[in-house]
2 protein chains.
Amino acid sequence: MSTIKDVAKMAQVSTTTVSRYLNEFPNIRPETRERIASAISVLNYRANVAARGLVTKSTRTIGVVASTDVDDFFDNPFFMHVLKGISRAAVQRRYDVLLSTVTGKEGELLSNWIHGHRVDGIVLMKSRVDDPTLKMFACERFPAVLLGRPHGNEQVDYVDNDNVEAALRATQYLIELGHLDIAFIGGSREMVVTEDRLKGYREALRQAAEPVHEEYVKVGQYAKQTGYDLCSQLLRLRRPPTAIVASDDIIATGALQAAHQLGCKVPQDLSIIGFNDIPASEFTIPPLSTVRVHMERLGDGVAQLLFDRVQDPQQPARHLIIKTEIVVRNSTTIVPRRS
Amino acid sequence: MSTIKDVAKMAQVSTTTVSRYLNEFPNIRPETRERIASAISVLNYRANVAARGLVTKSTRTIGVVASTDVDDFFDNPFFMHVLKGISRAAVQRRYDVLLSTVTGKEGELLSNWIHGHRVDGIVLMKSRVDDPTLKMFACERFPAVLLGRPHGNEQVDYVDNDNVEAALRATQYLIELGHLDIAFIGGSREMVVTEDRLKGYREALRQAAEPVHEEYVKVGQYAKQTGYDLCSQLLRLRRPPTAIVASDDIIATGALQAAHQLGCKVPQDLSIIGFNDIPASEFTIPPLSTVRVHMERLGDGVAQLLFDRVQDPQQPARHLIIKTEIVVRNSTTIVPRRS
DNA sequence: TTGTAGGCGTTATCAT
DNA sequence: ATGATAACGCCTACAA
């Protein structure tokens with residue numbers, strides 16, 4: 001493995017000049033430039049990232065940390081699409097992406113990355129209601145962007161959907177179809193996104209002057225199994241709901257399966273609307289009505305904000321809200337006659 | 001940001017001792033140990049990765065490069081599940097994962113990562129039939145593992161499915177159902193995986209003494225659109241096939257859609273079998289028969305081989321073949337009567 | 001058990 | 001337009 005010294009020696013110049021060449025300084029004689037270029041190509045030289053980072057204090061790397069269970073992360077197309085947006089944006093700017101999923105001790109990971117100068121900035125995926133890591137960022141003044149929104153009014157950059165509004169509209173849509181017994185199933189209430197969507201759901205009911213039946217509100221994890229379990233429970237209720245708002249397509253998918261197995265026909269007996277519009281939603285049985293959240297745009301936005309902040313760490317916090325829209329497919333219809 | 005010197009000063013010891021503490025050397029007086037520990041915690045110190053890497057020549061990072069289109073990568077659950085396996089294995093060993101998707105100039109990326117000492121080892125996802133990057137690894141003797149298999153007999157570690165065998169069995173299964181007009185649709189023939197599965201398909205036909213109709217063999221990209229397009233083409237043939245082997249569930253999904261739109265009933269009019277058994281395959285209309293490839297195990301295997309090689313770069317090349325199995329759902333049935 | 005000093009490969013500061 | 005030299009923060013002989 002050759003170093004800058006080897007190149008300098010072969011090109012018969014000082015390491016300084018080689019360094020200048022590498023960093024595209026203007027004032028180098030074309031002749032010297034030539035010699036350096038050919039030396040580099042002969043030696044197949046590439047700058048040592050560690051050495052460079054040590055002095056420049058920059059890594060040209062951004063970290064992406066998903067504070068979720070590994071399965072919930074990789075199995076959920078939502079995250080993968082956001083990740084795609086981030087990755088694409090990073091490649092464009094010639095940055096690398098460091099990826100990590102940790103549950104529990106994300107604090108330690110972040111400490112290592114931040115204080116260990118491992119990354120120039122961090123994307124934090126999914127915020128919890130009471131997120132200690134968020135406080136870290138605030139204290140550290142380290143470039144970071146949140147996917148989702150903070151629960152309090154912390155000064156962090158973030159990109160989020162209009163979740164409250166979206167859930168409100170989704171529920172209203174069901175109400176307009178004549179549904180009154182509408183249930184809500186979601187992931188952990190520790191996630192802000194769950195709270196927000198639940199809030200929109202409640203608000204729609206309130207505006208329609210309908211009561212919220214607490215046995216209609218159930219949560220678990222952001223996984224298919226949760227959808228399956230909760231839907232089963234709902235359908236076994238004395239008075240089962242005629243419609244369900246699922247706070248994630250993955251969950252809706254599980255609900256679909258449960259309904260099917262319990263002989264409950266969707267949408268005739270039960271309407272289901274999901275969230276995200278993952279590709280699979282188009283192919284479920286029946287195709288799933290859902291709230292489209294523009295996953296890649298979220299990723300783009302997150303990357304955009306992050307790189308801006310890396311460049312100017314002092315600027316005031318910025319927020320980006322991506323509008324959603326309801327996609328009506330075949331899992332929702334007008335309310336059935338009560339038997 | 002504090003350095004090892006700050007810690008040393010505060011703990012009233014030399015940096016050497018602190019370094020020893022960090023690297024868990026045995027001979028440190030409990031008393032000193034205490035002082036160092038508390039200094040670290042007060043200063044919230046973490047070792048600078050660049051500085052450490054500069055001297056140790058290790059990064060505790062593995063690189064994952066997908067030499068595919070960004071969309072084909074992130075949209076395909078196959079890759080995401082493999083990535084999950086890798087990520088999990090890396091976390092266990094306290095390694096970080098650097099992720100990159102590049103099309104075209106993967107050579108430059110790999111050069112930078114390898115010669116720039118950016119990673120300790122590399123996972124290369126998907127091998128092309130004539131892959132120059134593979135030759136690079138061979139020359140560089142850099143720790144690397146291939147997901148898929150090399151086309152020639154290059155000396156590289158790799159993990160792969162028994163693709164030829166699997167496609168053979170899948171096709172045989174269709175033949176046993178009475179099908180004779182069996183088509184094959186797949187991704188690019190530049191990928192070894194496509195060639196292997198095509199080979200198994202041909203072999204099954206050969207063993208059954210059936211001719212291979214070349215108009216029944218069609219390829220495109222590993223994307224849903226390809227499945228849609230190719231299936232449409234096949235169904236418009238003078239004599240359309242009664243069954244299709246799709247070399248990826250994503251492609252099969254597109255085929256399903258095309259059949260549906262053209263009024264061709266699956267499986268009554270057309271049997272389709274896919275590859276991979278992605279989660280969505282269970283929920284397509286109808287649920288997809290497919291070849292299960294144990295995606296996460298592939299990821300585990302890749303990581304296992306890679307870390308072994310990082311530890312001992314000299315050992316001879318190893319290969320891991322993960323057995324597949326056919327999962328029969330509802331997209332395949334006995335051959336229909338020819339009208 | 002602990003400390004001193006040199007070096008890892010690069011960039012930055014001053015010179016020339 | 002180019003060089004000499006001193007950091008950057010850590011580890012590792014070697015010494016005590």
Side-chain angles (χ1 to χ4, degrees), chain A residues 1-40 43-61 94 96 111-120, chain B residues 1-37 39-40 43-61 96 111-120:
Chain A
M1 295 279 130
S2 42
T3 75
I4 201 175
K5 285 185 188 169
D6 302 322
V7 176
K9 202 168 294 173
M10 177 173 283
Q12 309 188 71
V13 292
S14 73
T15 61
T16 313
T17 307
V18 179
S19 175
R20 288 201 182 99
Y21 171 88
L22 293 173
N23 294 287
E24 299 176 332
F25 278 50
N27 297 332
I28 305 176
R29 221 195 304 150
E31 215 173 293
T32 345
R33 192 182 293 277
E34 286 280 295
R35 290 210 311 281
I36 296 177
S38 89
I40 287 179
L43 296 169
N44 204 356
Y45 166 82
R46 295 295 182 293
N48 181 317
V49 185
R52 179 175 275 179
L54 188 54
V55 28
T56 62
K57 269 127 181 48
S58 145
T59 61
R60 291 203 81 80
T61 304
R94 317 200 54 234
D96 280 331
S111 266
N112 283 330
W113 278 8
I114 295 175
H115 294 104
H117 297 272
R118 178 124 239 201
V119 293
D120 292 349
Chain B
M1 294 283 130
S2 43
T3 75
I4 201 174
K5 283 186 190 170
D6 301 323
V7 176
K9 201 168 296 174
M10 177 173 284
Q12 309 188 68
V13 292
S14 73
T15 61
T16 314
T17 309
V18 179
S19 175
R20 289 201 181 100
Y21 172 88
L22 293 173
N23 295 287
E24 299 176 331
F25 278 50
N27 297 333
I28 307 175
R29 220 197 304 152
E31 214 173 292
T32 343
R33 192 184 293 277
E34 287 280 295
R35 289 212 311 281
I36 297 178
I40 287 178
L43 296 170
N44 205 355
Y45 166 83
R46 295 296 184 292
N48 181 316
V49 185
R52 180 175 274 176
L54 188 54
V55 24
T56 63
K57 270 129 180 44
S58 144
T59 61
R60 290 203 82 80
T61 304
D96 280 332
S111 265
N112 283 329
W113 279 9
I114 295 175
H115 294 106
H117 295 273
R118 179 125 239 201
V119 294
D120 292 350

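Treat the numbers as computed from the prediction; the structure is a model and nothing was measured. Quick note on labels: first sequence line is chain A, next is B, and so on, each numbered from 1.
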Rounded interatomic separation in angstrom, taking [atom1] from [X] and [atom2] from [N]:
X       : N      : atom1 : atom2 : value
B/Lys9  : C/dT2  : NZ    : C1'   : 18 Å
A/Asn48 : C/dC8  : CG    : C1'   : 8 Å
B/Asn27 : D/dT12 : CG    : P     : 16 Å
A/Arg46 : C/dT10 : CZ    : C1'   : 16 Å

Nearest of [options] to any side-chain atom of [X]?
X       : options               : answer
A/Asn23 : C/dT11, D/dC10, C/dT2 : C/dT11
A/Thr32 : D/dC11, D/dC8, D/dT2  : D/dT2
B/Ser14 : C/dG9, C/dT11, C/dG3  : C/dG3
A/Ile4  : C/dT10, D/dC11, D/dT2 : C/dT10
A/Ala47 : D/dG3, D/dG9, C/dT10  : C/dT10
A/Lys5  : D/dT2, C/dT2, C/dT10  : C/dT10

Would you name the heavy atoms of [X] and [Y] that are closest together and state the gap between them?
X       : Y        : result
B/Asn48 : A/Leu54  : ND2-CD1, 4.2 Å
A/Asn44 : B/Ser111 : OD1-OG, 4.2 Å
B/Ser2  : B/Tyr45  : O-CD1, 3.4 Å

Please tell me if [X] has a side-chain N or O lying less than 4.0 Å from either OP1 or OP2 of [N].
X       : N      : value
A/Tyr45 : C/dT10 : yes
B/Lys57 : D/dC11 : no
B/Arg52 : D/dC11 : yes
A/Arg20 : C/dT11 : no
A/Thr17 : D/dG3  : yes

| message | Please determine whether any donor N or O and acceptor N or O are separated by less than 3.5 Å between the side chain of B/Thr16 and the base of C/dT4. | response |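 Result: at least one qualifying N/O pair found.
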
| query | Does a distance-only test, which skips hydrogens and angles, find a donor-acceptor pair under 3.5 Å between the side chain of A/Ser19 and the base of C/dA12? | reply |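 In this structure, the two groups form no donor-acceptor pair.
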
| task | Show the numbers, then the answer: is there a side-chain contact (heavy atoms from CB on, under 4.5 Å) between A/Val49 and A/Thr59? | result | CA-CA 7 Å; A/Val49 185; A/Thr59 61; over 6 Å; no

| Check: B/Ser14/B/Thr17 side-chain N/O donor and acceptor closer than 3.5 Å | yes

